[in-house]
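Just the heavy atoms: all of them, side chains too, but no hydrogens, waters or symmetry mates, feed the values below. Predicted model, so just to flag it, every value in this text is computed and none were measured. Every chain is numbered from 1 and lettered A, B, ... according to where its sequence line falls, protein lines coming before strand lines.
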Protein chains: 2
Amino acid sequence: MAREKKIDMVILGLLSHEDLSGYDIKKRIDSMISFFWKGSFGNIYPALKDMEEAGLVNRISESDSGREKIIYKITDKGSESLKDWLKDEQAVNEIRYETLLKLFFGGALDKAVSLANIEQFENKVKGDLRLLKGYCENLKEHLDNDDHMYYYLTASFGVETYEAYLKWCMKAKKILKNGVV
Amino acid sequence: MAREKKIDMVILGLLSHEDLSGYDIKKRIDSMISFFWKGSFGNIYPALKDMEEAGLVNRISESDSGREKIIYKITDKGSESLKDWLKDEQAVNEIRYETLLKLFFGGALDKAVSLANIEQFENKVKGDLRLLKGYCENLKEHLDNDDHMYYYLTASFGVETYEAYLKWCMKAKKILKNGVV
DNA sequence: AAGCAGATATATCAAAATGATATATTAGGG
DNA sequence: CCCTAATATATCATTTTGATATATCTGCTT
């Protein structure tokens with residue numbers, strides 16, 4: 001089986017809901033799943049080209065006006081490819097936290113530096129948590145709608161983990177200041 | 001200011017504690033920080049070469065016996081570079097969770113598929129949490145030692161977040177099964 | 001003592017992701 | 001009418017990832 005690029009699956013997933021251009025896809029990624037997945041023009045546009053060649057998507061319109069805009073539609077083959085990936089229980093989940101990296105090596109400098117890094121992290125998390133809670137409250141009202149429910153589930157993952165981050169921040173600051181648990 | 005590769009900082013951070021070979025560095029990354037950061041031979045060895053040229057590290061021994069082994073030592077310049085990075089409060093923190101991606105697009109298939117994906121994730125997390133809790137309990141005894149304290153802080157981040165993951169798993173499974181909050 | 005598996009050790013490569021930049025068009029506000 | 005911001009595609013250098021190649025050494029078994 002050919003190794004699948006993750007960005008391909010993201011694109012197919014989005015196209016399974018609606019026809020989109022590369023630019024639209026980038027916007028959807030940024031607004032809906034950016035807190036746990038990212039995409040860039042640098043991999044979206046080449047992926048669309050490759051997938052068109054492979055018959056997973058079709059371009060269904062191009063430049064209605066003078067402005068160029070290429071809208072893509074998922075094909076049956078693309079849909080099958082998406083489902084195969086969804087059914088495969090293997091999943092790579094990873095975090096990449098520079099804040100933790102700096103903390104781990106914090107011994108090279110005064111504890112005040114580590115404290116500042118944690119506080120910086122804490123503030124960022126507080127802002128993001130506010131946003132995610134907002135999404136969740138709106139989505140909660142429409143759990144009968146499947147699309148909203150799946151969106152709600154991922155957003156609530158964010159809420160749950162960000163709250164844990166804040167809990168950890170308080171604990172970590174205390175330990176750094178007092179050296180106690 | 002030159003853009004710094006993250007792997008460079010990881011290597012300098014590790015070398016600030018002890019002299020190491022590229023292979024040693026990979027082992028340290030895998031055993032101590034792999035749950036929030038990764039490294040591969042493919043970027044470690046080239047990074048060591050580049051940093052040696054830039055005067056951030058020195059090779060202090062090579063092939064005592066017939067077996068080739070290059071040990072690196074951090075230089076003053078390397079140490080400064082590490083400290084500059086630590087002092088910079090900017091930090092990129094990102095998660096990349098394929099499980100959430102599959103859940104987000106789960107509507108394309110039966111809910112049983114999403115449930116299976118969550119359960120797979122849950123089992124993985126349970127195992128990892130057990131490990132992290134073990135580390136934490138050992139490290140907790142030595143918070144007076146700075147190195148152990150910084151290690152403890154990062155490990156306890158893992159414990160806190162993994163516990164939140166499990167809490168979310170239970171909630172998510174309930175919603176998928178019953179459609180309620 | 002021979003043989004073999006597994007750990008040690010460095011190196012390299014294709015593929016993928018990242019982040020930035022280039023280019024051009026269009027819509028809306030002042 | 002001009003300017004800014006948003007729309008839209010495309011490309012590129014840099015970095016990371018994951019796999020593989022090559023060779024040595026250690027410890028265990030037979």
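Within the nucleic acid shown, B:G42 comes within 4.0 Å of at least one base atom, counting heavy atoms only. Heavy atoms of B:K26 sit nowhere under 4.0 angstrom from any nucleic acid atom.
In summary, the aromatic rings of A:Y150 and B:F105 are positioned with their centroids too far apart to meet the 6.0 Å limit.
If you take CG of A:D50 and C1' of D:dT11, they are 14 Å apart, rounded to a whole angstrom. If you measure from atom CG of A:L48 to atom C1' of D:dT11, you get 15 Å, rounded to the nearest angstrom. B:I44 places its CD1 atom 12 Å from the C1' atom of C:dA9, with the value rounded to the nearest Å.
Of the candidate nucleotides D:dT11, D:dT15, D:dT9, D:dT15 has the atom nearest to the side chain of B:K5. Of the candidates D:dT7, D:dT11, C:dT10, the closest approach to any side-chain atom of A:K27 belongs to D:dT7. Residue B:I7 places its side chain closer to D:dT16 than to any other of D:dT7, C:dG19, D:dT16. The side chain of B:N43 lies closest to D:dT16, out of C:dT12, D:dA8, D:dT16. Nearest nucleotide to the B:R96 side chain, out of C:dA17, D:dT9, C:dA11: C:dA17. When distances run from any side-chain atom of A:F41 to the nucleotides C:dT18, C:dT10, D:dT9, the shortest one goes to D:dT9.
A perpendicular orientation is assigned to the rings of A:Y165 and A:Y97, their planes being inclined by more than 60° (bins at 30° and 60°).
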For ring-ring contact (aromatic ring centres under 6.0 Å, His included), just list the numbers for A:F36 and A:F157, CA-CA rounded to whole Å, side-chain angles, deciding distance to a tenth of an Å, and then say yes or no.
CA-CA 10 Å; A:F36 64 86; A:F157 179 93; 7.9 Å; no
Could you check A:V10 against A:I33 for side chain to side chain contact (heavy atoms under 4.5 Å, CB included), going step by step and ending with a plain yes or no?
CA-CA 10 Å; A:V10 176; A:I33 64 175; 3.9 Å; yes
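Taking only side-chain nitrogens and oxygens, B:Y23 comes nearer than 4.0 Å to OP1 or OP2 of C:dT8. At the phosphate of C:dT10, OP1 or OP2 sits under 4.0 Å from a side-chain N or O atom of B:S21. The side chain of B:K6 contributes no N or O atom lying less than 4.0 Å from OP1 or OP2 of D:dT17. Put simply, A:Y45 has no side-chain N or O that comes within less than 4.0 Å of OP1 or OP2 on D:dA10. When the side-chain nitrogen and oxygen atoms of B:K38 are compared with OP1 and OP2 of D:dG18, one or more of them lie within a distance under 4.0 Å. The shortest distance between the side-chain N/O atoms of B:K69 and the OP1/OP2 oxygens of C:dT8 is not below 4.0 Å.
Distance NZ/B:K38 to CD1/B:I29: 11.0 Å, rounded to 0.5 Å.
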